Amino acid sequence: MNWTLALPEIVLAISGLAILVFGVVQKKENPFFSCSMLAMAAFFVTGVLVLFTPDGVGYNRIFVNDDFARFMKILSLCGAFLATMMTVGYAREMEVAKFEFPVLILFSTLGTMMMASSGNLMTLFVGLELSSLAIYILCAFARDQVRAAEAGLKYFVLGSLASGLLLYGIALVYGFAGTLEYGGLQTAVAGTAALPTGLMIGIVFMLVGLSFKLSAVPFHMWTPDVYQGSPSSVTAYMAGAPKIAAFAVLLRVMIGPFGHMTDQWRLLIELVSIASMLFGSIAAIAQTDIKRLMAYSSIGHMGYAMMGMAAATPEGTRGTLIYLVTYLFMNVGAFAGIVAMRRKGFAMTRISDLAGLGKTAPGMAAAMAIFMFSMAGAPPLAGFFGKLMVFYAAINAHLYVLAAIGVLSSIIGAYYYVRIVKVMFFDTAEAAFDRPPVSLSFISVGMGLVTCLFVVAFGPVSTAAQAAAQALLR
């Protein structure tokens, strides 16, 4: 048992408990800011440890540490760090200025890291539930707001259903394969001439449960209401780290143990990808609330990312990983702008509230325009490279229909992204927004630079993604 493989998770868990105790013993003042700073420090230290932990399999083969796990953990930690920083400036206005808030983000991130390193289906489930339970509470954290309470309840009920379906699928897989370990599953499945029907049904149930976490069609029904009702910083976190972790599990399970069964599950992934891309693009057109628009946008982006998975090749896996990197940073940047949409302390979420932003706050308008064009896939921004890689992988795998529908949905989606830019720069100006705190400005500038200059980092990111993809095939 090589416990050093899980050193980052151990450090993060101990840090979470210590921050929780620190917050409890503070009596004179609200320790939210201090706890947030400590949580961000814990994310940073954990990220450094992730980079230096050795490869290997530990804890009786239930925990795996490799290039793929490191890649996904770093992305999850970045998403958590940025979401926590985003909260600091407007915590009181969003009614989340309590020390438990950053602790919940920390433990949710711990669950995503466990999912990325899972070597066993039960490790997968425990990590998923640890992450999900914290997010249920985060969604309803502003409990005095009716929409927040509704969002938390809807996500809890539907998330519990999805967890039940996933667990039922795991039970079926275990019943027919006789093991929960990924290596054992690969051996059991490879030695079977004809796959049992029950095993295939179990795999389908697992895909359904994980597709819910990705908000992929037709398991997306929770997304618009939860995105709109949750505090904006929670929505930014929920759209990043948990979805990255769900993709990590999907890739590790389907490319690993069930990798040689590609012909049996590829069509299902293609259908979900097509439905997500088209529905996300079309449904977003009629939205007037920018958070609901971002919800449908997220559904579409998950469809694009699944294109690489449908290819079921190293190039496809690399394309999906690069897409997740670009999606994380441009999504966080866009939500930083949404959090900053406040007048006299009140949140503004209508798209029409952005009217004339180019005149009243040209810096914020320019940053939002960069993120919108990037999400539309305009070159040479980050989103263009993400879509280029998954389209390239789909074409190389001869999935021409999937690639063509991806291009079509990108064209449709460009309409509502460009519409936001048009509202900001060409509509009659509304009253100016409140001056955003330094933390939000820092995130907007930083994510804007990453989005614009991604071409500079494309080589190193592609190399890291390639190493992560190869790790799944060992």
Side-chain angles (χ1 to χ4, degrees), residues 1-16 42-80 106-131 170 173-174 177-190 206 210 241 244-260 314 317-318 320-321 324-325 460-474:
M1 182 181 293
N2 187 359
W3 64 270
T4 58
L5 296 175
L7 184 60
E9 286 80 3
I10 294 171
V11 169
L12 191 62
I14 294 174
S15 299
F43 292 140
F44 179 79
V45 172
T46 303
V48 173
L49 291 175
V50 166
L51 294 175
F52 293 101
T53 47
D55 288 352
V57 180
Y59 298 92
N60 294 321
R61 299 185 295 278
I62 68 171
F63 192 91
V64 179
N65 200 49
D66 54 18
D67 288 332
F68 178 78
R70 275 191 288 272
F71 190 95
M72 304 308 271
K73 288 178 185 180
I74 291 297
L75 282 186
S76 295
L77 288 167
C78 286
L106 187 150
F107 281 113
S108 176
T109 306
L110 176 61
T112 66
M113 293 176 66
M114 290 178 62
M115 292 166 66
S117 281
S118 63
N120 182 293
L121 292 177
M122 286 311 298
T123 313
L124 177 162
F125 186 75
V126 170
L128 178 67
E129 287 306 293
L130 175 58
S131 178
I170 291 174
V173 170
Y174 174 72
T179 182
L180 293 173
E181 295 176 7
Y182 295 164
L185 287 173
Q186 188 170 14
T187 302
V189 172
M206 288 178 61
L210 292 172
I244 288 169
F247 254 114
V249 169
L250 265 178
L251 291 169
R252 191 175 284 283
V253 173
M254 304 311 295
I255 303 297
F258 306 128
H260 72 288
T317 304
R318 181 186 63 174
T320 295
L321 296 180
L324 291 176
V325 172
V461 171
S462 180
T463 301
Q466 182 65 32
Q470 292 294 337
L472 291 178
L473 303 175
R474 293 172 188 167

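Predicted model, so just to flag it, every value in this text is computed and none were measured. In what follows, residues are counted from 1 in the order of the sequence shown.
With hydrogens and angles disregarded, no donor-acceptor distance shorter than 3.5 Å links the side chain of S131 to the backbone of L128. Remark: side-chain polar atoms of S15 are paired, donor with acceptor, to backbone N or O of V11 under 3.5 angstrom. In this structure, N120 contributes its side chain and R61 its backbone to no donor-acceptor pair below 3.5 Å.
Contact check for S117 versus E9: side-chain heavy atoms found under the 4.5 Å cut-off. Side-chain contact check for K73 versus T46: every heavy-atom pair is 4.5 Å or farther apart. Between L106 and T109, every side-chain heavy-atom pair lies at or beyond the 4.5 Å cut-off. Put simply, the side chain of F71 reaches to within 4.5 Å of the side chain of V325, judged on heavy atoms. In this structure the side chain of T112 never reaches within 4.5 angstrom of the side chain of I244, judged on heavy atoms. Annotation: side chain of T179 is in contact with side chain of L185 (closest heavy-atom distance under 4.5 Å). The shortest distance between side-chain heavy atoms of L321 and Q466 does not fall below 4.5 Å.
To the nearest 0.5 angstrom, T123 atom OG1 is 11.5 Å from M115 atom CE. Between the CG atom in L7 and the CZ atom in F52 there is a gap of 12.5 Å [rounded to 0.5 Å]. Atoms CZ and CE, from F63 and M114 in turn, are 8.0 Å apart once rounded to the nearest 0.5 Å. In this structure, CZ on F44 lies 10.5 Å from CG on L49, to the nearest 0.5 angstrom.
Listed by chain and number, the residues in a side-chain hydrogen bond (donor to acceptor under 3.5 Å, both in side chains) with D67 are R70 (sequence neighbours excluded). Residues passing the side-chain hydrogen bond (donor to acceptor under 3.5 Å, both in side chains) test with S118 are Y182, sequence neighbours excluded.
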_Set out, in order, the CA-CA distance, both residues' side-chain angles and the distance that settles side chain to side chain contact (heavy atoms under 4.5 Å, CB included) for M122 and I62, then state yes or no._
CA-CA 8 Å; M122 286 311 298; I62 68 171; over 6 Å; no
Would you mind writing out the side-chain donor-acceptor pairs for residues 247-258 within the sub-3.5 Å range, not counting sequence neighbours?
{"unit_1": "R252", "atom_1": "NE", "unit_2": "A116", "atom_2": "O", "d": "3.1"}
{"unit_1": "R252", "atom_1": "NH1", "unit_2": "D66", "atom_2": "OD2", "d": "3.3"}
{"unit_1": "R252", "atom_1": "NH2", "unit_2": "D66", "atom_2": "OD1", "d": "3.1"}
{"unit_1": "R252", "atom_1": "NH2", "unit_2": "A116", "atom_2": "O", "d": "3.1"}

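Residues M206 and V173 approach most closely at SD-CG2, 3.8 Å, considering heavy atoms. Pairing each heavy atom of L110 with each of A13, the nearest pair is CD2-CB, 3.8 Å.
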